[in-house]
Amino acid sequence: MRNPDVSTASLQDGTYPRPQLVRRRWADLGGEWDFRYDDEDAGVADDWFAGATPFPLTITVPYPPESVRSGVNDTTFHPVVWYRRTLTRADLVESGRSAADDRLLLHFGAVDYRATVWINGALVGTHEGGQSPFSFDITDHAAAAAELSLVVRAEDDPHDVAQPRGKQDWLEDPHVIWYHRTTGIWQPVWLESVPAAFIEGAVWEPDVPKGSVRLELELSPQRHTARTVRVDLSYAGHPLGSYTASAAQPRVVLDCVIPHQANGQAYESLLWSPEDPRLIDATVALLDGDGSVVDEIWSYFGLRSVGTAGRHFLLNDRPYYVRSVLEQGYWPESLLAAPDAHALREEVQLIKDLGFNAARLHEKVEDPRFLYWADRLGLLVWGEMGSTFEFSPTAMERVSREWVSVVQRDRSHPCIVTWVPLNESWGVQQIAHSAEQRHFAQAMYHLTKALDGSRPVISNDGWEHVESDLFTVHDYATTYEDLHASYRDAAAFDAVARGVGPAGRRLSVLPDLPRTEPVMVSEFGGILYAPNSPIETWGYSTADSDEDFARRLQALFSALYDSPVLSGFCYTQLTDTLQEANGLTDENRKPKLPVAEIRKIVMGPTWRERA
């Protein structure tokens, strides 16, 4: 698939796999690939990468082999898998490579968990981390032959609990809150043609009080050539400003002051929010010494701020009540991979239609195209890391290394307003008793703040907190009275925060740290309602009719809305997911009650004013 031009219109379908750094020239490598299991792990020793070995199966990329959509549909243990695809001359032409010195890049959105890549039998590179993107320059390989044999080996040991895996089960069959594994390629694979000198990365950081945005550019290594970066900003087709900077170094930082924002009476007209998801378009060009364009990308950002003040969560410096829903990002036929780009748009729209203004991505680093639609349609997002299940030096190294890549990938998205490196003490199960685990949680908090100081960070969502910018609680009380009791006033919540909270957890394991952050119940509800399910299901409470489900929902949402302490909540969960059938919709995204009825409950007693 090739983008005809770099423009807002060219992205409206949301298919481009890297939505904030767009070029004209690219080719989608999704579709049928040869596939083979390697349960004996003999493939490397037997030179499977050399191209002569038969690969007897066919898989549809980027769907994991455990999924129906892959065409393989095998959920049993297979720790090593191999892929092969011929890159034809048509693929190379589609990628747009034209000039002799153009570079050809091979991109992987995500491969779970460890990937090794060969072309024509030659090792191209390796990558570890199942939730983060990676790329290789394959120009020299492409010059050597008319057709290229691309081979990928993916290793995903289901028993390695030091591997960041989120909700992927270590048992063969899904149980309780864990689901089928996602092995190997599960996000787009694509080719991109770039000039010899090109823009490798672009990060936007808005500054609303100053009416500006900072652009951090990473450029490919260059010879001693005088170059310039030019940035043109516009909104809805109207120019906002043009900016230039010297590009003598591989890293360029450019502060763009937007003249429109100088008018204090009009500055809000450009701000991004769920209610008004305004996006500012940007064209970034790398210019040669004579002013000719060497490379050009299209990007965008949202001008908005997030933060906290006292017990308030702030959006654009105003208190903002967060109505969030837990998003597992799991699909019955494609598992962690989305069925297609259109399904990601529909998912964001569904969340908004049900009355939520936010989604908490749960134990998963989501496809960037979901974030694109959250940016464009207006949905706040909590970005969360998929957890390990053990605490060890290996687990800490893997989590921290991959988290750096994830934050760097996603921190330009205006929709992301909170970072969650750890959840419910997964991987730090003894944090209340282990100083080492507390230090790790604090380190992840501070690492995240060092990477991105513009957003709140939660050290350990829902359970034992160390330092946090939001104080979050997971509370699955099943009645209005029991849920409301902990949040009816500041004194009641203070007793919970300093004592033992829901699930018998101490909510704070740094007792000398004053707790003055905004308070949110970041998991609640979990009402099971799946009367016709063909499998055994579970939830935190059970409804037996539409009327009973609506009554239970109303009671729990009212318990939180009636609290003067809270600044937001997150309901568990959006969709039924295998045996965890406590969604507001079934697994096929069909709401269990009329959308208008769910929306009224979610938006609370003042829902008409909140609409």
Side-chain angles (χ1 to χ4, degrees), residues 12-15 19 69 167 179 273-277 321-384 413-417 522-530 533 539 543 546 549-550 553-554 556-557 568-578 580-604 607 610-611:
Q12 291 302 311
D13 63 359
T15 58
R69 277 186 176 254
K167 302 196 82 170
Y179 314 142
S273 70
E275 294 72 29
D276 293 294
Y321 197 90
V322 175
R323 305 187 308 273
S324 185
V325 68
L326 199 71
E327 163 67 308
Q328 305 283 8
Y330 192 94
W331 309 78
E333 293 191 344
S334 55
L335 312 189
L336 290 183
D340 52 44
H342 183 64
L344 294 170
R345 185 193 195 285
E346 290 184 329
E347 191 88 336
V348 173
Q349 189 62 61
L350 173 63
I351 293 169
K352 288 180 65 73
D353 289 346
L354 293 177
F356 297 99
N357 57 24
R360 179 181 162 215
L361 303 178
H362 190 41
E363 287 291 337
K364 178 191 180 185
V365 177
E366 189 52 275
D367 188 314
R369 296 171 299 176
F370 178 94
L371 303 178
Y372 166 78
W373 284 115
D375 292 337
R376 184 156 295 282
L377 299 179
L379 183 73
L380 304 183
V381 171
W382 288 18
E384 184 169 315
H413 287 281
C415 66
I416 294 186
V417 295
S522 57
E523 287 186 26
F524 80 105
I527 302 168
L528 169 64
Y529 184 43
S533 176
D546 287 6
F549 185 49
L553 284 175
Q554 182 67 66
L556 295 182
F557 276 90
F569 56 71
C570 179
Y571 183 80
T572 303
Q573 60 187 340
L574 178 65
T575 68
D576 288 352
T577 309
L578 297 177
E580 195 177 359
N582 48 23
L584 293 169
T585 78
D586 67 14
E587 62 178 5
N588 295 310
R589 278 57 182 174
K590 179 182 178 181
K592 296 179 181 179
L593 296 172
V595 168
E597 186 172 358
I598 296 176
R599 180 179 178 87
K600 184 174 181 178
I601 293 170
V602 167
M603 299 189 77
W607 69 277
R610 295 177 188 271

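Because only heavy atoms are used, hydrogens play no part in the values below, and waters and symmetry mates are left out as well, while side chains stay in. Here the structure is a predicted model, which means the values were calculated and not measured.
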Examine the side chains of Lys167 and Tyr179 and answer whether a donor and an acceptor come within less than 3.5 Å of each other.
yes
Indicate the atoms forming the closest heavy-atom contact of Pro339 with Trp331, along with that distance.
CD-CD2, 3.3 Å
Quick check: closest heavy atoms across Leu326 and Cys570, and the distance to 0.1 Å?
N-SG, 3.3 Å
I want to check something: taking the side chain as every heavy atom from C-beta on, are Leu354 and Thr585 in contact at a cut-off of under 4.5 Å?
yes
For Asp586, does its backbone N or O pair with a side-chain atom of Lys592 as donor and acceptor, under 3.5 Å?
no
What's the separation between atom CG in Leu593 and atom NZ in Lys600, rounded to the nearest 0.5 Å?
13.0 Å
Going by side-chain contact (heavy atoms from CB on, under 4.5 Å), name the residues that satisfy it together with Glu346, two or more places apart in sequence or in a different chain.
His342
Do Ile598 and Phe549 make a side-chain contact, defined as non-hydrogen atoms from C-beta onward lying under 4.5 Å apart?
no
Is it true that the side chains of Gln328 and Gln573 contain a donor and an acceptor less than 3.5 Å apart?
yes
Glu347: which of Lys352, Arg369, Arg589 passes salt bridge (Lys or Arg N to Asp or Glu O under 4.0 Å):
Arg589
Side-chain heavy atoms of Leu361 within contact of Leu371, under 4.5 Å:
yes
Just by distance, no angles: are the side chains of Glu384 and His362 close enough, under 3.5 Å, to form a donor-acceptor pair?
yes
Derivation and outcome, side chain to side chain contact (heavy atoms under 4.5 Å, CB included), residues Leu377 and Gln349:
CA-CA 7 Å; Leu377 299 179; Gln349 189 62 61; 3.8 Å; yes
Of all residues at least two apart in sequence or in a different chain, which pass the side-chain contact (heavy atoms from CB on, under 4.5 Å) check with Ala581?
Leu528, Ala530, Thr537, Asp576
Give me the atom names and distance for the closest heavy-atom approach of Ala337 to Ser334.
O-OG, 2.6 Å
Counting the benzene-type ring for Trp, do Tyr571 and Phe557 have ring centres under 6.0 Å apart?
yes
If we only count heavy atoms from C-beta on, is the Ile527 to Asn582 side-chain gap below 4.5 Å?
no
Which atoms form the tightest heavy-atom contact between Ala359 and Ile351, and what is the distance?
CB-CD1, 4.0 Å
List the steps, then state whether side chain to side chain contact (heavy atoms under 4.5 Å, CB included) holds for Phe370 with Glu327.
CA-CA 11 Å; Phe370 178 94; Glu327 163 67 308; 3.7 Å; yes
Is there a side-chain contact between Thr575 and Tyr330, using heavy atoms and a 4.5 Å cut-off?
no
For Tyr321 and Asn357, test the side chains for any donor-to-acceptor distance below 3.5 angstrom and give the result as yes or no.
no
Taking the six-membered ring of Trp382, is NZ or CZ of Arg360 closer than 6.0 Å to its centre and within 45° of its axis?
no
Within the 4.5 Å heavy-atom criterion, are Tyr529 and Asp546 side-chain neighbours or not?
yes
Exam field: side chain Arg323 to backbone Phe569, donor-acceptor pair closer than 3.5 Å
no
Flag side-chain contact, heavy atom, 4.5 Å: Leu553 against Glu597:
no
Is there side-chain contact between Pro332 and Asn588, with heavy atoms separated by less than 4.5 Å?
yes
Tell me if a side-chain donor or acceptor on Lys364 pairs with a main-chain N or O of Gly329 at a distance below 3.5 Å.
yes
Taking the side chain from Asp375 and the backbone from Cys415, do they hold a donor-acceptor pair closer than 3.5 Å?
yes
Side chain of Thr577, backbone of Glu580: donor and acceptor closer than 3.5 Å?
no
